[in-house]
Trainee: 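Supplied in structure tokens, the structure appears directly below.
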Amino acid sequence: TSEQIEHLHRRFKQLSRDQLTIRKENFDSIPDLEFNPIRGKIVHAFFDKRNLRRESDGLADEINFEDFLTIMSYFRPIEMNMDEEQLDRFRKEKLKFLFHMYDSDHDGKITLQEYRNVVEELLSGNPHLEKESARSIADGAMMEAASICVGQMGPDQVYEGITFEDFLKMWQGIDIETKMHVRFLNMETIAPCY
């Protein structure tokens, strides 16, 4: 809505410090992101040209307000008047954004190493979990992904990684529409200086 766009524009101006573009370092001022273990991946996703719908590879150095709106559109809530086709497209867009966060080398697959990196980042705040345990969790999850996506594999088969089609299968039945949201849009009241 126009009201939401106005709110996003105010937030954009606050993040950019009234500049025409935002750079990665502007995200350092977002308190809700400060302690998020995958903060780097989230910020990276805002500058990923695949998510900006520009190109299939690379990172932008900065984003303008239109780019910011494009990224924020992935987080918009479901509209009540959406039909099944629109809901399916909406869901796939959200999952594509999430897939890009995991696929850090932009090759169209989430490899075991990429998945290990994400799991290690997610669990990095837990002082009772060793790196080897995080790797075991990632390895087990990747085996589960292989069984969902490929079925029973032979001893000589190697699962090369999760494709986007595999990713869609894995998220089937999970309500991504309400789970994928952004809280950092809340603007703290800035006290005027006198």
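These figures come from a predicted structure and were not determined experimentally.
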Trainee: Output, in order, the C-alpha distance, side-chain angles, deciding distance and verdict of side-chain hydrogen bond (donor to acceptor under 3.5 Å, both in side chains) for Arg89 and Gln86.
Mentor: CA-CA 5 Å; Arg89 189 171 55 249; Gln86 290 170 318; 5.9 Å; no
Trainee: Please find the pair of heavy atoms, one from Arg53 and one from Tyr74, that lie closest to each other, and give the distance.
Mentor: NE-OH, 3.4 Å
Trainee: Side chains of Arg116 and Asp139, heavy atoms from C-beta outward: is any pair under 4.5 Å?
Mentor: yes
Trainee: Could you tell me the separation between the CG atom of Asn26 and the CD atom of Gln14, rounded to the nearest 0.5 Å?
Mentor: 11.0 Å
Trainee: Roughly how far, to the nearest 0.5 Å, is the CZ atom of Arg11 from the NE2 atom of His7?
Mentor: 8.0 Å
Trainee: Measure across Lys49 and Leu59 and return the closest heavy-atom pair with its distance rounded to 0.1 Å.
Mentor: CE-O, 3.5 Å
Trainee: Is Lys24 positioned over the aromatic face of Phe46, cation under 6.0 angstrom from the ring centre and no more than 45 degrees off axis?
Mentor: no
Trainee: Answer yes or no: does atom CD of Glu130 have more than 12 heavy-atom neighbours from other residues, nucleotides or ligands under 6.0 Å?
Mentor: no
Trainee: Backbone N or O of Thr1 within a donor-acceptor pair of the Gln4 side chain at under 3.5 Å?
Mentor: yes
Trainee: Using the rule that two of Ile, Leu, Val, Met, Phe, Trp, Tyr join whenever any of their side-chain heavy atoms come within less than 4.5 Å, decide whether Phe75 and Ile30 are in one cluster.
Mentor: yes
Trainee: Are side-chain heavy atoms of Glu160 and Thr111 found at a separation under 4.5 Å?
Mentor: no
Trainee: Does Arg135 form a side chain to side chain contact (heavy atoms under 4.5 Å, CB included) with Glu120? I'd like the steps, not just the answer.
Mentor: CA-CA 7 Å; Arg135 290 181 72 119; Glu120 286 173 8; 3.2 Å; yes
Trainee: Transitively linked via ILVMFWY side-chain contacts under 4.5 Å: Ile5 with Phe68?
Mentor: yes
Trainee: Leu8 and Leu69: side chain to side chain contact (heavy atoms under 4.5 Å, CB included), yes or no, with the steps?
Mentor: CA-CA 8 Å; Leu8 286 170; Leu69 283 179; 3.5 Å; yes
Trainee: Please determine whether the number of non-hydrogen atoms from other residues, nucleotides or ligands lying under 6.0 Å from atom CE of Met82 exceeds 12.
Mentor: yes
Trainee: Could you check whether the rings of His9 and Phe12 sit parallel, tilted or perpendicular, using 30° and 60° as the cut-offs?
Mentor: parallel
Trainee: Is there a side chain to side chain contact (heavy atoms under 4.5 Å, CB included) between Leu95 and Phe164? Walk through the geometry before answering.
Mentor: CA-CA 9 Å; Leu95 288 171; Phe164 183 63; 4.2 Å; yes
Trainee: I need the Ile63 CD1 to Asn51 CG distance, nearest 0.5 Å.
Mentor: 10.5 Å
Trainee: With a 6.0 Å cut-off (strictly less than), is the heavy-atom count around CD of Glu25, excluding the residue itself, greater than 12?
Mentor: yes
Trainee: Taking the six-membered ring of Phe97 (Phe, Tyr or Trp), confirm whether the NZ or CZ of Arg76 is under 6.0 Å from its centre and within 45° of its axis.
Mentor: no
Trainee: Just verifying a value: how many Å separate Ile42 CD1 and Asn36 CG, rounded to the nearest 0.5 Å?
Mentor: 4.0 Å
Trainee: Looking at Glu114 and Ser104, would you say the former's side chain and the latter's main chain have a donor-acceptor pair under 3.5 Å?
Mentor: yes
Trainee: Nearest 0.5 Å please: distance from the CG atom of Leu52 over to the CD1 atom of Ile71.
Mentor: 4.5 Å
Trainee: For the pair Arg23 and Asp28, find out whether any cationic side-chain nitrogen is under 4.0 Å from an anionic carboxylate oxygen.
Mentor: no
Trainee: Could you pull out the closest heavy-atom pair between Val118 and Tyr102, with the gap in Å?
Mentor: CG1-CE2, 3.4 Å
Trainee: Nearest heavy-atom pair of Met101 and Ala45: which atoms, and what distance?
Mentor: CG-CB, 3.6 Å
Trainee: Any chance the side chains of Asp48 and His100 put a donor and an acceptor closer than 3.5 Å?
Mentor: no
Trainee: Would you give the length of the straight line joining atom CZ of Phe27 to atom CG of Leu15, rounded to the nearest 0.5 angstrom?
Mentor: 6.0 Å
Trainee: Looking at Lys109 and Asp103, what are the two nearest heavy atoms and their distance?
Mentor: O-OD1, 3.0 Å
Trainee: Please walk me through it: do Leu98 and Phe167 pass side chain to side chain contact (heavy atoms under 4.5 Å, CB included)?
Mentor: CA-CA 10 Å; Leu98 192 58; Phe167 200 69; 4.0 Å; yes
Trainee: Would you name the heavy atoms of Thr21 and Glu62 that are closest together and state the gap between them?
Mentor: OG1-OE1, 3.2 Å
Trainee: For Gln113 and Asn117, test the side chains for any donor-to-acceptor distance below 3.5 angstrom and give the result as yes or no.
Mentor: yes
